[in-house]
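A short worksheet on the structure shown next.
Just so you know, ligand 1 is whichever comes first in the structure, and atom 1 is the first atom listed for that ligand.
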Amino acid sequence: MAFDYDLFVIGGGSGGVRAARLASSEAGAKVALAEEFRMGGTCVIRGCVPKKLMVFASSYREMTVDAAAYGWDINIGDFNWPTFKGKLDLELDRLENAYRNTLARAGVEVFNERATIDDAHTIKLASGKTVTAKHILIATGGYPVKPDVPGADLAITSNEIFNLKELPKSVLIVGGGFIACEFACILNGLGVKVTQFYRGEQILRGFDLEATSMISDEMVKQGIKLRLDDNAASLEQTDGGILVTDTQGGTETYDQVMFATGRTPNTNGLGLEALGLELGRGGAIPVDKFSQTKVPSIFAVGDVTNRINLTPVAIREGAAFVETIFHGRPTSFDHDQVPSAVFTQPELGTVGMSEEEAAASEAIEVYSAAFKPMQSSFAGRDSKVLMKLVVSKATQRVLGCHIVADQAGEMIQLAGIAVKMGATKAQFDATCAVHPTMAEELVTMKTPVRTT
Ligand code: NDP
C-alpha cells in the first residue's frame, strides 16, 4: 500500500522535531509534522528556555548584594518585568523560527493545525484533510493540571506565568516539585513576596533527602514562606486579591496563585482509545523500549509516554526511534542514571540513586560534605552547599551523586559521565582536585559520614 508519508509526527516539541528532522534529512524519509500551537513545544515556548532566562534574571539581585559586599559601589533598584518580557518574547520568536527553519531545511512538511488519529495509518487534520503514513509518531507532550478545589480557575499554572502583564506583589505557589520550587525561587529573586504550600513533609519528594532539606533551608533563608504539610483548600476572588483558605484552616490573600501540581500526558481526543490502545495512568501512552505502542505502526516519545519527563530524554527517545525504524538498527534509550537539575537557588544537580533509595536496596557508604562556599561566605552570606556521593559497600561503585550549589546543573553533567560509566569511589579519589572549587570535595572525601 502506498502512503502519503513514511512518517507523520504529531507534536512539534523536542522529541517530535528531532525525530522528524533526523528521519527526513538523515534517513531520506518523506516526513510531515503537525503542531497545533507554537513550534518548539513546552521546553522552548513555556518551559526550560523561558524558565532558565527567568532564573538568570532573578539571580542578579543576590549577585548585586554580594558585589556590594565585595566592595563594588552598586545599587540594583527594581526589576522591570515589561523590559524583560519584551526581550523574552523576541527570544522565543527567534527560537521558534529556528525550529521552523530547521524543519524546512530538512524537508519536513509542516501542518500548523491539530492532528488526530483515524486508524493505524491515517491522520485527520483539523482542516478536514486526511493523510496516510507508514509510521505515526505521537510526541504531544503534557500539560499542567490543577487540583479539583473550589476556585481553582482563579489560579494560573506554568503555562500562564510567562505571559503575565505585570508581576504580582505577592504569590502563593502550590506544589513541591520541580516547577513549584523553581518558580518560588525565581519570583522571590524578582522581588515578589512568595508563599509556597507543599502537602508533604519535604519538598522535591523522591530526590535525596539531605539535598532537599538543604534546599528548603536555603529557600527559607532567602525569604520564601515555605509551609509544609499544607495545601490550598479553596480560592475566592475578593477586592483585595485571591483569598486562599488552606487545609489547616488559615486564610490569606494573594495577588496571584500558581498551581504547580504536576503535568499530565496530552492524549485527550487523539483517537487512541478507538484504536484499541489502552492508556496508562493519567492518559500516558504505554510503549515498549523501542517506543512502540501495541499498534505496530504507532510510536510515542517524550512526556506523552510519562517515562522520564525531561527534554533531553525526549530527544534521545526520538533519535532512537529513527535509528530503529529508518536505519534498521534497533536502538533503545537507556533510562537509567539520567542526570538532571532542579533550577532552584541554589540548584540541585543529581544523578543515580538517592541515599534513601540506595539504602533500601543494599549496604552503602555515604560521603557528604556540607559547607559554606568561599564566594558567598566572603560576602557574608549564610548559605551552604552540599557535595554528596552514595557508594555501594560491596562494589564501591558510586550509585548516586547529589550536588546543591550554584551551577550544580553544570557540575552534575560532568559527574554524571563518571557515574554512568560505573566509576568507583577509588576512581573518583584517583582524580586530582581542582582547587579552589566547590566540586573538589567530590574527589577529596576520605571517610564515610554514614554506613548502613
Ligand atoms: P512534579 O511531579 O515534579 O511535582 C508535582 C508537585 O505537586 C508535587 O510536589 C506533588 O506532591 C504536588 N501535587 C500533586 N497533586 C497535588 C494536589 N492535588 N494538591 C497539592 N499538591 C499536589 O510536577 P511539576 O509540575 O513540578 O513538573 C512536571 C515535570 O516536568 C517534572 O516531574 C519534571 O519531569 C519536568 N520538569 C523538569 C524540570 C527540570 O528539568 N529542571 C523543570 C520543570 C519541570 P507529591 O510530591 O506529594 O506528590
### Query
With H402, which residues qualify under ring-ring contact (aromatic ring centres under 6.0 Å, His included), at least two apart?
none

### Task
Taking ring-ring contact (aromatic ring centres under 6.0 Å, His included) as the test, write out the residues that go with F259, two or more places apart.
none

### Message
Could you check whether S59 and Q345, counting side-chain N and O atoms only, form a donor-acceptor pair closer than 3.5 Å?
### Response
no

### Task
Using a strict 4.0 Å threshold on nitrogen-to-oxygen distance, state whether K388 and D208 make a salt bridge.
yes

Please tabulate, for the side chains in residues 48-57, all donor-acceptor contacts under 3.5 angstrom to protein atoms that are two or more places apart in sequence or on a different chain.
from, atom 1, to, atom 2, distance (Å)
K51, NZ, E182, OE1, 2.8
K51, NZ, E182, OE2, 3.4

### Summary
One should read off an interatomic distance between F290 CZ and F321 CZ, to the nearest 0.5 angstrom, of 13.0 Å

### Query
So which residues, sorted by chain and number, lie with a heavy atom under 4.0 Å of ligand 1?
K51, P147, G175, G176, G177, F178, I179, E182, Y198, R199, R205, N231, A260, T261, G262, R263, N309, L310, A341, F343

